[in-house]
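Report on the structure given below.
So that the names make sense, note that chain A is the first sequence line, chain B the second, and so on, each numbered from 1.
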Amino acid sequence: MQISVTIRGEDILLKTHACGDLRSEHIGQEVTLAGWVHRRRDHGGLIFIDLRDSRGLAQVVFDPEDAPDAHAAARNVRGEYVLSVTGEVVARRGSTENPNMPTGEIEVRAASVEVLNAARTPPFAINEETEVEELLRLRYRYLDLRRERMQRNMRIRHRTVAYIRRFLHERDFIEIETPILTNSTPEGARDYLVPSRIQHGSFYALPQSPQQYKQLLMVAGFERYFQIARCFRDEDLRADRQPDFTQLDLEMSFATEEDILALFEELFTGLVREVRPDAKLVTPFPRMTYAESMRRFGTDKPDLRFGMELCDVSDLVASSEFGVFSNAVKSGGVVEGICVPGGAEMSRKQVDSLTAFVQGYGAKGLVSIALLGEGAVDTLTIEDVKSPVAKYLSEALVRGVAEKMEAKRGDLLLFVAGEGGKPKLDAGSAQRVKPALDGLRREVASRLELADPNTLHYVFITEFPLVEWSDEENRWDALHHLFVAPFDEDLPLFETDPAAIRSRAYDAVCNGQELGSGSVRIHQREMQERVLRLLGISDEDAQARFGHMLEAFEFGAPPHAGFAPGIDRIVAQLAGEEDIREVIAFPKTKSGADPMTGAPSPVTDEQLEVLGIRVVEEREEP
RNA sequence: GGCCGCGUGGUGUAGUGGUUUAACACGCCUCCCUGUCAAGGAGGAGAUCGGCGGUUCGAGUCCGCUCGCGGUCGCCA
């Protein structure tokens, strides 16, 4: 490595070695390092500077007797100054070695130093991992990225993407780019729109995913496509959602569910072993149908690192004296619960806070039953039960419920009841029970630290419903998207019971987080039209919006299937981060802003003029 | 859109029974110091407590509104 630059009319050699790469094998060599002042220790005589570059740290010693000019220069140097230092690599004297750093056996005795740039005192410490308010980190993201955590995360991200590209290349997939300026599809998420200058009043949309393009690439005969694709969805943000995010988009012709799932099991397994060899991986990846996942966990993205599965006790409590339970069941609703192992010791206050927690999910309340005492559960008496509603409970009921939930003494049973016949969003409706218990299950696990943070428990969820009823729009809505193929044997249900149609869609889930989804696609015009009709899309509408897809299917479209896991979430899990913002170089805040560039921002009247756009002033509602 | 939390020197926090020079650590500045590596020692500067309004003799502290950030429900095919 030889990097030089012209400064003040002189050619200056900036760098011959990387700081972090120096080892005892370099002893005796004269090297030139370039990097940032990580830390400076001024002893009045000797000055030590830890110089940092992208490879790591090296200690540079400035000795006034060796090199008075360099020493004098080093006195004025401060943190984050950019230096080029030339000197000899020497062995450290025995007691001054630093076993805590990779370069700790050596140091560089500075002969000369060039200050390439000074630096203001940074707004937060670069050289230590202190917590800093996220807004400030984002405003100075280029400084935040300089810190160790983000340097590490960005490198994990690079290795992940590099692994994926190599893996798929070796299996004959080719990477093809698709347009960022594309067409709006008023299904699914809200689109980001880009006005057309040439055609006033018309807009491009940024792709929510390259879905249509990748299917058309299958029609085009590439057979195996992938792309590390940027996708855009204009919806409210979360810790695992950004307005623009990255997906591994993949499509394969002549493939079935099994081909895709096997491919991704191999990919994820290899990826974890490559990037996180220390992580515990559960293999082979379990498969679970949507119906089973909903029944056992109340969600389509279950965290399998711990138990506490949901248990439906409706039949056992139907005739209970406890009105909340019996009325729920009588009205066609349900009573379900979970068993918290060892939870009987939970305080009243803790249980109360769990009640408030499930109410946040629209549950009416939470009924707790603590099982106390010693011995088998079939010896339980009413004296062994601690519950706010104990007086309504019979010994037989508690025994029956405890037995069905496989509870032991010392456990805490938590129940949520929901009445039938209520609209989905009403508090206490039966449809709120599963989401509430899913939330409760994860909350309890988090409080009791039941989920091993070092385990990656993948699971494939299969056989999603094709459609669900939308009260808002008063029609059937695609659960996944419009192009998912239904199971052949469920076709008769189109006329009789659309909600029961299973689709050939699948999700990859890890530790309770959805990593991505995919499906076998429709590849025949007639089937596609049938699905569009089910969704209440008129033939004219279908022709206008999806005519190109329908037409393509008439020209020898092969059967095909695909998948699209989110890169940001995968990397976050591999990096052990909770928030995908920690693995994105320049993320946006929850309100979709970039505090560094100030985006989004107003544009000039001239810019709007060319686009034929007028901004409407926002008015207060009366 | 709903609910919840947070906002105090450059950074991270303390201070909320109302009245005090608003405290501590790190950082920063000056001086001393030749083997440190979270160097050490001495001294110093630096916050009108996110903003506006209100209650009060008196507000960092209480109330209302507002802005920003975050979490969550809805939403996210």
**Request:** Go through the steps for A/Asn153 and A/Glu577 under the test side chain to side chain donor-acceptor pair (under 3.5 Å), then give the verdict.
**Result:** CA-CA 9 Å; A/Asn153 286 355; A/Glu577 294 284 3; 2.9 Å; yes

**Request:** Just jot down the ring-ring contact (aromatic ring centres under 6.0 Å, His included) partners of A/Tyr192, sequence neighbours excluded, or say none.
**Result:**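 With neighbours one apart ignored, the set is empty.
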
**Message:** Among residues at least two apart in sequence or on other chains, which ones pass ring-ring contact (aromatic ring centres under 6.0 Å, His included) with A/Trp476?
**Reply:**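 Result, ring-ring contact (aromatic ring centres under 6.0 Å, His included) vs A/Trp476: A/Trp469.
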
Among [options], which nucleotide sits nearest the side chain of [X]?
{"X": "A/Arg241", "options": "B/C69, B/C76, B/C37", "value": "B/C76"}
{"X": "A/Ala239", "options": "B/C69, B/G71, B/C73", "value": "B/G71"}
{"X": "A/Ala189", "options": "B/C26, B/G71, B/C76", "value": "B/C76"}

**Message:** Set out, in order, the CA-CA distance, both residues' side-chain angles and the distance that settles side chain to side chain donor-acceptor pair (under 3.5 Å) for A/Gln59 and A/Arg41, then state yes or no.
**Reply:** CA-CA 10 Å; A/Gln59 173 167 284; A/Arg41 294 175 293 279; 2.9 Å; yes

**Request:** Give a yes or no on whether a donor-acceptor pair under 3.5 Å exists between the nucleobase atoms of B/C76, that is its base, and the side chain of A/Arg233.
**Result:**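 Counting by modelled atom types and ignoring angles, no donor-acceptor contact under 3.5 Å is found here.
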
**Message:** Taking atom types as they are modelled, would you say the side chain of A/Asp236 forms a donor-acceptor pair with the base of B/C75 within the 3.5 Å cutoff?
**Reply:**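 Side chain to base: no pair present.
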
Quick test: give all pairs of protein nitrogen or oxygen and nucleotides 9-15 of chain B nitrogen or oxygen below 3.5 Å, distance rounded to 0.1 Å.
| residue | atom | partner | partner atom | Å |
| --- | --- | --- | --- | --- |
| B/G10 | O2' | A/Pro123 | O | 2.7 |
| B/G12 | OP1 | A/Glu133 | N | 2.6 |

**Asked** Which distance, rounded to the nearest 0.5 Å, do you find between the CD of A/Glu336 and the NZ of A/Lys434?
**Response**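 Interatomic distance, A/Glu336 CD to A/Lys434 NZ, rounded to 0.5 Å: 3.5 Å.
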
Once side-chain contact (heavy atoms from CB on, under 4.5 Å) is applied, do any residues pair with [X], and if so which ones, sequence neighbours excluded?
{"X": "A/His38", "value": "A/Asp50, A/Arg52, A/Leu57, A/Asn127"}
{"X": "A/Ser95", "value": "none"}
{"X": "A/Leu143", "value": "A/Pro122, A/Pro123, A/Phe124, A/Ile126, A/Tyr140, A/Arg146"}

**Annotated protein contacts, base or backbone, on nucleotides 29-35 of chain B with a non-hydrogen cut-off under 4.0 Å, one of B, S, - each** = SS--BBB

**Pairs involving residues 46-72 of chain A, ordered by first then second residue, that meet ring-ring contact (aromatic ring centres under 6.0 Å, His included) (sequence neighbours left out)** =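 Sorted result for residues 46-72 of chain A: A/His43-A/Phe48.
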
Need one value for [X]: base, sugar-phosphate or nothing, where a base atom within 4.0 Å counts as base even if backbone is also close, heavy atoms only.
{"X": "A/Arg432", "result": "sugar-phosphate"}
{"X": "A/Glu97", "result": "base"}
{"X": "A/Ser517", "result": "nothing"}
{"X": "A/Arg581", "result": "sugar-phosphate"}
{"X": "A/Asp579", "result": "sugar-phosphate"}

**Test salt bridge (charged side-chain N to carboxylate O under 4.0 Å, His left out) applied to A/Arg137 - qualifying residues, sequence neighbours left out** =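 Counting only residues at least two positions away or on another chain, A/Arg137 forms a salt bridge (charged side-chain N to carboxylate O under 4.0 Å, His left out) with A/Asp144, A/Glu582.
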
**Item:** Any residue meeting salt bridge (charged side-chain N to carboxylate O under 4.0 Å, His left out) with A/Asp507, in chain and number order, not counting sequence neighbours
**Value:**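 Scan of A/Asp507 (salt bridge (charged side-chain N to carboxylate O under 4.0 Å, His left out), adjacent residues dropped) gives none.
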
Nearest whole angstrom, please: distance from the [atom2] of [N] to the [atom1] of [X].
{"X": "A/Arg141", "N": "B/C69", "atom1": "CZ", "atom2": "C1'", "value": "14 Å"}
{"X": "A/Ile580", "N": "B/G70", "atom1": "CD1", "atom2": "C1'", "value": "15 Å"}
{"X": "A/Leu237", "N": "B/C69", "atom1": "CG", "atom2": "P", "value": "11 Å"}
{"X": "A/Lys590", "N": "B/G68", "atom1": "NZ", "atom2": "C1'", "value": "12 Å"}
{"X": "A/Arg39", "N": "B/C26", "atom1": "CZ", "atom2": "P", "value": "13 Å"}

With 3.5 Å as the limit, what N/O pairs link the protein to nucleotides 41-49 of chain B?
none

**Residues in contact with RNA chain B, drawn from residues 435-445 of chain A - heavy-atom cutoff 4.0 Å** =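 Residues of residues 435-445 of chain A under 4.0 Å from RNA chain B: none.
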
